[in-house]
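Scroll down for the structure; my scribbles are underneath it.
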Amino acid sequence: MIKFYNTKSRKREEFIPIDEGKVGLYTCGPTVYDFAHIGNFRAYIFEDLLRRFLSLSGFEVYHIMNITDIDDKTIRRSIEENRSLQDFTDEYVKSFHEDVETLRLLPAHEYPRATEFIPQMLDMVGQLEEKGFTYTTQDGSVFFKISEFDNYGSLAKLDPDQLRSGERVENDEYGKEEGRDFALWKGHKDSESNVSWESPWGNGRPGWHLECSAMSTHYLGNHFDIHCGGVDNIFPHHENEIAQSCAATGEEFVNYWLHNEHLLVESQKMSKSEGNFYTLRQLLEMGYSPESLRYTLISTHYRQKLNFTFDKIKSSQKCVNKLRELKRRALLIDIDAEGRDVEKLSSDMLGKFQEKLGDDLNISGALGELFVWVNDIFSQLDNNEVSVSGAGSILSTLNTVDLVLCVINDTCNDEPSEEIDALIIARNDARANRDWSKADEIRDKLDALGVVLEDTQGGTIWKRK
RNA sequence: GGCGUCGUAGCCAAGUGGUAAGGCACCGGUUUGCAAAACCGCUAUUCACCAGUUCGAGUCUGGUCGACGCCUCCA
C-alpha cells in the first residue's frame with residue numbers, strides 16, 4: 001500500500017489513482033527571472049523522488065511542470081535589461097533545463113509556458129464570468145470574487161473572514177472590491193511597457209494563479225491525481241487554483257496535494273541579504289559534485305525542514321562514494337565462492353526499501369534499510385563469500401536502488417582529467433622506485449585538488465573528497 | 001489574533017504502545033610503504049521539561065519551555 005500525506009486532509013491517505021496504473025502529476029515549476037537556487041531544487045528533487053518512486057512501483061506517470069514566464073519579476077527585470085520578455089525569459093528557461101540535467105531530474109513530459117496559454121486562460125476567465133464568479137474593475141482587470149465560492153480556504157485551513165489584511169496586501173492597486181479577492185486578469189499598466197495581450201476585457205496580462213489551472217486541466221483533465229509545490233504555495237496560490245478550477249468546471253480538481261518544506265542554509269532562512277543564497281551553479285563552482293548535492297537534497301524527508309550545510313554535502317559525498325565503492329567491488333568478483341544467499345538478502349532489502357518509500361516517501365527509513373544491506377554485503381565481500389552470481393545480484397540491486405536515488409551510476413561521474421591521470425601515473429612510478437616521499441608529495445597535491453586516492457589490487461583509483 | 005510544524009547521541013536522522021534503525025564524525029584493532037577504502041570492536045539506561053493514562057510511553061492525554069512557518073503572488 002502506498003500512502004501520501006495529503007495537505008487537503010492533513011493526513012496520510014492511501015494513494016489510489018483515478019485511472020488504475022496511471023498517475024497525472026502536476027508540479028509548480030520555476031519563475032524564470034533568475035537562475036534557480038538550491039531551495040527551488042529541493043522542491044524539484046522531492047518531485048523527482050515522487051515520480052521515480054511511482055514509476056518504480058509500476059505506475060505510468062504523466063508529468064507536467066509549468067514555467068512562469070510572466071509575472072511582476074520577469075516583467076520588471078526584462079524592462080531593466082531593456083530586453084523583450086521572451087528574449088529575457090528564454091535565457092533562464094535554458095539554464096533551468098541545464099540545471100535539471102545536472103541534478104539528473106527526470107524531465108517532465110511537458111513544460112508549458114504561461115505566455116503560450118493565454119487563450120486557454122482567457123477561456124477560463126470567460127467561464128468564470130458566465131457563472132458569476134468574477135467582476136471587472138475600471139482599469140480592465142478581472143477579479144475572482146471569493147465570497148461566491150463556498151469552500152474557499154479549505155486547503156490552507158484558513159477562514160476567509162479571519163484573514164488579516166496584512167502589510168503585504170497592496171490593497172487598491174487594481175481597485176478590487178475586497179483585499180482577499182485575487183486577479184484573474186490584470187489590466188495593462190504603463191509601467192509594464194508593451195507586455196500585453198488583447199482580451200474581451202481590454203488589454204492586459206494574466207494573473208499568476210490562472211496559468212496553473214489552465215495548463216493543468218489542459219494536459220491532465222479537469223480532475224487529476226497529484227499536484228505538488230512548496231509549502232509557501234498552499235496559500236494563496238493553490239487555494240486560488242482550487243477556487244478557479246472548481247468554480248469553472250464544476251468538478252473536483254486535485255485528489256492529492258503534496259507540499260515540501262523549505263530549506264534553511266546553515267540554520268538561517270536563505271536570503272540575498274544574508275548572503276547565504278546559493279544557486280546550483282555557484283555550488284558546483286565551489287567544487288561540490290552534482291551527486292553530492294542531489295543526495296543532500298533527496299535524503300531528508302520532504303516535509304521536514306532541510307538545514308543545508310556544507311558538512312551535510314560532504315557527508316553526502318561519502319555516502320555516495322560508499323555506494324559506488326560497493327558497485328566497484330562487486331564488479332571485481334570473478335571467482336566462485338560459497339557464501340550466504342545474497343539474492344535473498346537483496347530482494348528482502350529492496351522490499352523494505354520500497355515499503356518505506358511507500359509510506360509517504362520515508363527516505364530516511366529507506367536509506368537505513370539500504371545501508372544495513374550495504375554493510376552486510378561489504379562484510380561478505382571482505383570474507384570472500386560472494387560468488388559471481390551473488391555479485392550479479394548485488395549489481396542489479398544497486399541498479400534498482402539507483403532508479404530512485406540516481407547517484408551511483410555513470411552519467412554524473414567525475415569527468416576524466418588528464419592532469420589527475422598524469423599525476424597518478426607519476427606517483428605510481430615513484431612508488432615503483434620506492435621513492436615514498438615523492439609519492440606522498442604527489443598525493444598531497446591531488447588532495448589539495450579535492451581528490452582522494454585508493455591503491456587497490458586492480459590499480460589506483462580516485463574519488464572526490 | 002487565526003492556522004500549522006518541530007524538539008531523539010558531537011552533527012543528520014528512522015521510529016504512530018513492547019523495551020532506541022541507519023548515515024557522517026570520533027576512538028581502538030585488522031589491512032597498507034604510509035595512506036585511502038573496507039572489515040572487526042567501541043560510542044544514547046535514554047528520546048526538551050513536568051504531570052497523567054497504561055502491566056508497559058520516544059510513541060497516547062494535559063501543561064510548560066524552546067525553535068520555526070503561513071495568514072495575498074516566495075520552492
Side-chain angles (χ1 to χ4, degrees), chain A residues 7 10 12 27-31 36-47 68 71-73 146 153 156-166 168-171 176 179-183 207-209 228-237 239-240 259-264 267 269-271 295-296 299-301 303-307 309 311-312 314-319 321-322 325-326 328-329 352 356 359 362-375 378-383 431 434-437 439-440 443-444 447 452-456 460-463 465:
Chain A
T7 305
R10 307 287 159 117
R12 270 180 240 199
T27 61
C28 281
T31 301
H37 56 68
I38 198 71
N40 298 124
F41 282 111
R42 201 227 169 156
Y44 308 139
I45 291 238
F46 142 61
E47 289 152 2
T68 301
D71 81 319
D72 293 351
K73 289 186 293 281
I146 66 167
K157 304 276 182 259
L158 291 173
D159 177 351
D161 296 327
Q162 296 280 330
L163 290 188
R164 235 194 210 178
S165 284
R168 289 171 65 193
V169 183
E170 296 175 83
N171 250 325
K176 50 185 161 178
R180 57 194 201 172
D181 291 338
F182 61 90
W208 174 43
H209 313 298
C228 300
V231 284
D232 52 307
N233 278 332
I234 296 171
F235 192 88
H237 186 50
E239 193 69 58
N240 291 349
H259 293 97
N260 63 279
E261 251 300 345
H262 277 175
L263 169 150
L264 302 173
S267 302
K269 186 171 177 170
M270 182 166 58
S271 71
Y295 192 93
T296 300
S299 60
T300 294
H301 189 258
R303 286 193 290 113
Q304 192 96 36
K305 285 182 188 64
L306 190 164
N307 189 13
T309 63
D311 271 355
K312 194 171 272 182
K314 288 172 194 149
S315 157
S316 294
Q317 181 72 58
K318 291 272 199 165
C319 293
N321 287 348
K322 194 165 187 172
E325 174 67 11
L326 183 58
R328 199 185 62 79
R329 291 274 296 272
K352 288 186 218 160
K356 298 283 181 186
D359 182 13
N362 181 354
I363 187 73
S364 304
L367 290 173
E369 300 295 346
L370 172 62
F371 279 98
V372 169
W373 174 82
V374 167
N375 292 336
F378 265 126
S379 167
Q380 289 190 48
L381 284 166
D382 264 34
N383 292 327
R431 290 174 70 219
R434 307 181 69 82
D435 184 352
W436 309 126
S437 62
D440 289 350
R443 186 168 57 198
D444 289 345
D447 187 76
V452 186
L453 300 183
E454 282 180 39
D455 296 322
T456 72
T460 302
I461 61 169
W462 63 275
K463 300 176 181 180
K465 253 200 284 198

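Basis for what follows: all heavy atoms, side chains included, without hydrogens, waters or symmetry-related copies. Numbers restart at 1 for each chain; the letters A, B, ... are given by sequence-line order, proteins then strands.
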Rounding to the closest angstrom, what is the interatomic distance between [N] and [M] at atom [atom1]?
N      : M      : atom1 : result
U30(B) : A37(B) : C1'   : 14 Å
G58(B) : U45(B) : P     : 14 Å
A20(B) : C42(B) : P     : 16 Å
C34(B) : C24(B) : C1'   : 25 Å
U46(B) : A21(B) : P     : 16 Å
C11(B) : A48(B) : P     : 14 Å
G22(B) : C65(B) : P     : 37 Å
U43(B) : A9(B)  : C1'   : 8 Å

Base, sugar-phosphate, or nothing for [X], non-hydrogen atoms under 4.0 angstrom?
X         : answer
Glu239(A) : nothing
Asn240(A) : nothing
Ser379(A) : sugar-phosphate
Asn321(A) : nothing
His262(A) : base
Glu325(A) : sugar-phosphate
Leu263(A) : base
Asp311(A) : nothing
Arg329(A) : sugar-phosphate
His259(A) : nothing
Gly229(A) : sugar-phosphate
Gly230(A) : sugar-phosphate
Arg303(A) : nothing

Would you tell me if any nitrogen or oxygen in the side chain of [X] comes within less than 4.0 Å of OP1 or OP2 on [N]?
X         : N      : result
Lys318(A) : A25(B) : yes
Asn362(A) : G15(B) : yes
Gln304(A) : A14(B) : yes
Lys73(A)  : C74(B) : yes
Lys322(A) : C24(B) : yes
Asn375(A) : G23(B) : yes

For [N], the Watson-Crick or wobble counterpart (both distances under 3.5 Å):
N      : answer
G66(B) : C6(B)
U46(B) : none
A20(B) : none
G41(B) : C27(B)
A13(B) : none
G33(B) : none
U61(B) : A51(B)

[N] [atom2] sits how many Å from [X] [atom1], rounded?
X         : N      : atom1 : atom2 : answer
Leu306(A) : C11(B) : CG    : P     : 17 Å
Asp455(A) : A36(B) : CG    : C1'   : 8 Å
Lys465(A) : A35(B) : NZ    : C1'   : 13 Å
Gln317(A) : A37(B) : CD    : P     : 12 Å
His37(A)  : A75(B) : NE2   : P     : 6 Å
His301(A) : C6(B)  : NE2   : P     : 11 Å

For this session: Mind telling me whether Trp208(A) and His237(A) have parallel, tilted or perpendicular rings, with 30° and 60° as the class edges?
Result: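 Parallel.
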Consider the side chain of [X], meaning its heavy atoms from C-beta on, and name the nucleotide among [options] that approaches it most closely.
X         : options                : result
Ser364(A) : A13(B), U5(B), A38(B)  : A13(B)
Trp208(A) : C3(B), C73(B), C24(B)  : C73(B)
Thr300(A) : C68(B), A13(B), C3(B)  : A13(B)
Glu454(A) : C73(B), C34(B), A36(B) : A36(B)
Asp232(A) : A75(B), G15(B), G33(B) : A75(B)
Phe235(A) : C71(B), A14(B), A75(B) : C71(B)
Arg12(A)  : C34(B), U16(B), U5(B)  : U16(B)
Phe378(A) : A75(B), U16(B), A38(B) : A38(B)

Exercise. Salt-bridged, Asp440(A) to Arg443(A), with N to O below 4.0 Å?
Worked result: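 Salt bridge between Asp440(A) and Arg443(A), a charged N being under 4.0 Å from a carboxylate O: yes.
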Exercise. Does a side-chain N-to-carboxylate-O contact under 4.0 Å join Arg328(A) and Glu325(A)?
Worked result: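 Judged by the 4.0 Å cut-off on N to carboxylate O distance, Arg328(A) and Glu325(A) do form a salt bridge.
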N/O donor-acceptor pair under 3.5 Å between [X] side chain and [Y] backbone:
X         : Y         : value
Asn362(A) : His301(A) : no
Lys312(A) : Asn307(A) : yes
Glu47(A)  : Thr27(A)  : no
Ser379(A) : Asn375(A) : no

Side chains of [X] and [Y] in contact at under 4.5 Å (non-hydrogen atoms):
X         : Y         : answer
Asn321(A) : Gln317(A) : yes
Leu367(A) : Tyr295(A) : yes
Glu261(A) : Arg42(A)  : yes

For this session: Return the 5'-most residue of the pair Glu369(A), Ser315(A) with respect to RNA chain B, ranking by each residue's nearest nucleotide.
Result: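 Checking each residue's closest nucleotide, the 5'-ward one belongs to Glu369(A).
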Exercise. Which residue, Asn40(A) or Thr456(A), contacts RNA chain B at a nucleotide closer to its 5' end, judged by nearest heavy atom?
Worked result: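 The 5'-side residue here is Thr456(A).
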Exercise. Has the side chain of Arg42(A) got a donor or acceptor that lies under 3.5 Å from a partner of the other kind on the base of A75(B)?
Worked result: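 Between A75(B) and Arg42(A), which were checked side chain against base, a qualifying N/O pair under 3.5 Å is absent.
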Exercise. Any donor-acceptor pair under 3.5 Å joining the side chain of Asp440(A) to the base of G33(B)?
Worked result: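 Answer yes: a donor N or O sits under 3.5 Å from an acceptor.
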Exercise. Can Phe371(A) be said to stack with the base of G22(B), given centres closer than 5.5 angstrom and planes under 30 degrees apart?
Worked result: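 A stacking contact does not exist, since Phe371(A) is not both close and nearly parallel to the base ring of G22(B).
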